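Bear in mind that the values here come from a model prediction, so they are computed numbers and not experimental data. Order of listing sets the numbers, starting from 1, for every ligand and every atom in it.
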Amino acid sequence: MATAQKKPISTDKSPKAQEATALLKADHKAVDLLFQQYEAARSSTKKKALVSQICTELTVHAQIEEEIFYPPVQAELKDKELIPEAIVEHATLKDLIAQIEDGNPEDALYDAKVKVLSEYVKHHVKEEQNELFPKVKASKLDLYALGEQLAQRKEELMAKP
Ligand SMILES: [Fe+2]
Ligand SMILES: [Fe+2]
């Protein structure tokens, strides 16, 4: 009597699997929503909590892009412009984030700094999504594999105390 045939091990991508560009876009959208919530926030406690979330999200996002996404993209596209500019923009973002993290919602320039950060992030995101991502999508890079690496690293960094 033949034994029941075992189901083959599924090689399907898990439902959570997504392309690197989709994961990064989702991050961009999440931060944009947080900035919108900040605009509407009135209390210092609420502002402080949102800013802390925004800064964590942005710092982790920049780190996973720099560690996992930018290097293979730069190599594959033989890019000499977009990635170097993105790295410089990340450095400026990190400066602004450090200033904001050191400050308080009561400080005179606090709201202004958060506003400038949000505008700067918008500019950076626009360049990534309009200039870089289309080239990445058209390349031979395995975007699902990169997406998985990004997701894993993000989870690791977010879990940090
Ligand atoms: Fe970036
Ligand atoms: Fe990004």
Side-chain angles (χ1 to χ4, degrees), residues 13-41 46-103 109-161:
K13 292 177 175 81
S14 86
K16 271 169 82 185
Q18 54 179 346
E19 291 184 310
T21 41
L23 179 145
L24 296 172
K25 266 191 193 172
D27 271 8
H28 294 161
K29 197 172 170 196
V31 167
D32 187 56
L33 286 175
L34 289 170
F35 276 122
Q36 284 179 35
Q37 287 179 41
Y38 184 91
E39 294 250 332
K46 178 89 186 158
K47 284 185 180 183
K48 192 97 189 155
L50 283 166
V51 157
S52 145
Q53 223 182 324
I54 288 169
C55 291
T56 305
E57 286 282 342
L58 286 175
T59 304
V60 168
H61 180 86
Q63 191 174 338
I64 62 173
E65 279 186 344
E66 286 173 27
E67 280 182 16
I68 291 159
F69 188 67
Y70 289 171
V73 165
Q74 183 166 29
E76 179 66 27
L77 301 179
K78 298 184 174 50
D79 168 73
K80 289 189 172 67
E81 200 184 320
L82 292 175
I83 299 295
E85 280 175 24
I87 291 170
V88 173
E89 287 181 1
H90 278 192
T92 303
L93 285 170
K94 284 175 208 166
D95 275 357
L96 210 44
I97 287 168
Q99 283 187 46
I100 293 168
E101 278 180 328
D102 282 346
L109 294 179
Y110 194 82
D111 282 340
K113 283 176 182 170
V114 176
K115 182 78 190 168
V116 171
L117 179 67
S118 89
E119 282 167 356
Y120 201 83
V121 166
K122 272 195 188 81
H123 158 83
H124 179 74
V125 160
K126 215 174 176 180
E127 287 192 338
E128 284 186 342
Q129 293 189 180
N130 296 351
E131 294 179 43
L132 186 62
F133 290 5
K135 289 186 181 178
V136 171
K137 293 276 281 182
S139 77
K140 290 200 178 86
L141 285 164
D142 183 345
L143 294 185
Y144 278 105
L146 276 178
E148 201 176 317
Q149 286 177 50
L150 286 168
Q152 256 175 35
R153 186 70 178 123
K154 185 179 174 182
E155 207 176 292
E156 238 174 69
L157 291 169
M158 284 296 196
K160 262 189 191 170

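Scored by the side chain to side chain donor-acceptor pair (under 3.5 Å) test, K25 finds no partners at all (sequence neighbours excluded). Under the ring-ring contact (aromatic ring centres under 6.0 Å, His included) criterion, H124 pairs with H90, not counting sequence neighbours. A search for side chain to side chain donor-acceptor pair (under 3.5 Å) contacts involving E127 returns nothing, not counting sequence neighbours.
The OG1 atom of T21 sits 10.0 Å away from atom CG of L132, with the distance rounded to the nearest 0.5 Å.
Atom CD of E65 sits in a crowded spot, with more than 12 heavy atoms from other residues, nucleotides or ligands closer than 6.0 Å.
Nearby protein atoms of type N, O or S around the Fe ion (ligand 1) amount to 5 (distance under 2.8 Å).
Salt-bridge check for K154 with D27: passed, with a basic side-chain N closer than 4.0 Å to an acidic carboxylate O.
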